[in-house]
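The next block holds one structure in the form of structure tokens; read it before the comments.
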Amino acid sequence: QVQLVESGGGLVQAGGSLRLSCAASGRTFSSYVMGWFRQAPGKEREFVAAISWIGGTTYYAPSVKGRFAISRDGSKNTVYLQMNSLKPEDTAVYYCAASRGVAIGSTTRAYEYWGQGTQVTVSS
């Protein structure tokens, strides 16, 4: 059974940085695509970034490109989301997700496994 556990969320001032971690277990993730999504109160869950486990190809939502960076550590089965220059509009619950698909997807239905989420709050 796949388990994804996020950590690293918290409260930060605008302009600050946070690094989220997603520890994956239960499978060999070498052929998976790993993604980060976020959901703000009253809004739909939206795509943030994704990375292919093999090759490390990355893809970002336009709203975070240039500020956020996704990476993975195969030896630790962990995916990271480095978030810099944070804005109040980045406030949301951030979710880690895993997809068995070959191509990088940016929709929630492309991902079969989800973590429980971690809260990120950016104050102005």
Side-chain angles (χ1 to χ4, degrees):
Q1 182 157 348
V2 173
Q3 284 194 322
L4 304 174
V5 179
E6 303 97 334
S7 61
L11 173 64
V12 64
Q13 288 188 331
S17 298
L18 280 175
R19 188 177 80 156
L20 305 183
S21 300
C22 172
S25 62
R27 293 276 183 181
T28 300
F29 290 89
S30 59
S31 61
Y32 278 54
V33 169
M34 304 297 293
W36 286 97
F37 286 75
R38 66 186 181 187
Q39 188 167 18
K43 295 187 177 182
E44 293 187 353
R45 193 169 298 188
E46 65 173 4
F47 173 78
V48 175
I51 186 168
S52 61
W53 204 272
I54 297 177
T57 301
T58 58
Y59 182 63
Y60 296 93
S63 59
V64 306
K65 195 170 185 179
R67 300 189 297 124
F68 290 11
I70 188 171
S71 61
R72 82 266 189 257
D73 185 335
S75 66
K76 297 180 180 179
N77 254 13
T78 300
V79 177
Y80 303 97
L81 184 67
Q82 177 68 44
M83 305 186 295
N84 300 323
S85 302
L86 282 162
K87 305 174 182 180
E89 52 263 43
D90 295 317
T91 295
V93 177
Y94 282 70
Y95 296 90
C96 177
S99 169
R100 294 171 293 180
V102 175
I104 292 180
S106 60
T107 61
T108 56
R109 62 180 178 269
Y111 294 80
E112 294 86 5
Y113 306 104
W114 293 84
Q116 82 289 350
T118 185
Q119 177 70 47
V120 172
T121 303
V122 184
S123 63
S124 57

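When a residue number appears, it is its place in the shown sequence, counting from 1.
Tyr95 does not carry Arg38 over the face of its six-membered ring by the limits of under 6.0 Å from the centre and within 45° of the normal. Because its NZ or CZ atom is not both nearer than 6.0 Å to the ring centre of Phe37 and within 45° of the ring axis, Arg45 does not count as a cation-pi partner of that residue.
Counting heavy atoms from C-beta on, the side chains of Met34 and Leu4 come closer than 4.5 Å. A heavy-atom distance below 4.5 Å is not found between the side chains of Leu20 and Tyr80. In this structure, Thr118 and Val93 have side chains that are not in contact, with every pair of non-hydrogen atoms separated by 4.5 Å or more. Counting only heavy atoms from C-beta outward, the side chains of Tyr94 and Met83 approach each other to under 4.5 Å.
In this structure, NZ in Lys87 is found 14.0 Å from OG in Ser124, a value given to the nearest 0.5 Å. Once rounded to the nearest 0.5 Å, the distance linking SG of Cys22 with NZ of Lys76 reads 14.0 Å. One distance of note links OG1 of Thr121 with CG of Asp90; it measures 11.0 Å at 0.5 Å rounding. Note that OG1 of Thr108 and CD of Glu44 are 8.5 Å apart. Values are rounded to the nearest 0.5 Å.
With Leu18 as reference, Leu86 is the one residue of Leu81, Leu86, Leu11 to meet the side chain to side chain contact (heavy atoms under 4.5 Å, CB included) rule. Considering Trp36, Tyr111, Tyr59 as possible partners of Phe47, the one that fulfils the ring pair (Phe, Tyr, Trp, His ring centres under 6.0 Å) test is Tyr59.
Trp53 and Val33 fall into different hydrophobic clusters, where Ile, Leu, Val, Met, Phe, Trp and Tyr side chains are chained together by heavy-atom contacts under 4.5 Å. Cluster annotation: Val12 and Phe68 are assigned to the same hydrophobic cluster (Ile/Leu/Val/Met/Phe/Trp/Tyr, side-chain heavy-atom contacts under 4.5 Å, transitive).
A donor-acceptor contact shorter than 3.5 Å links the side chain of Glu112 to the backbone of Arg100. When atom types are taken as modelled, the side chain of Ser99 and the backbone of Ala110 share a donor-acceptor pair closer than 3.5 angstrom. Side-chain atoms of Thr91 come within 3.5 Å of backbone N or O of Val122 as a donor-acceptor pair. In this structure, Glu6 contributes its side chain and Gln116 its backbone to a donor-acceptor pair below 3.5 Å.
Taking every heavy atom of both residues into account, Ser52 and Arg72 meet most closely at O-NE, 3.6 Å. Between Ile104 and Thr57, the shortest heavy-atom distance links the atoms CD1-O, 3.4 Å. Here the shortest heavy-atom pairing between Ala69 and Tyr60 reads CA-OH, 3.3 Å. Across Lys43 and Gln39, no two heavy atoms sit closer than the pair O-NE2, 3.1 Å. Of all heavy-atom pairs spanning Gln82 and Ser17, the tightest one is NE2-CB, 3.9 Å. Closest heavy-atom contact between Tyr32 and Ala98: CD2-CB, 3.8 Å.
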* Pair Asp73-Thr78, side-chain hydrogen bond (donor to acceptor under 3.5 Å, both in side chains): steps then yes or no -> CA-CA 5 Å; Asp73 185 335; Thr78 300; over 6 Å; no

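Other residues, nucleotides and ligands place no more than 12 heavy atoms under 6.0 Å from the CD atom of Gln3.
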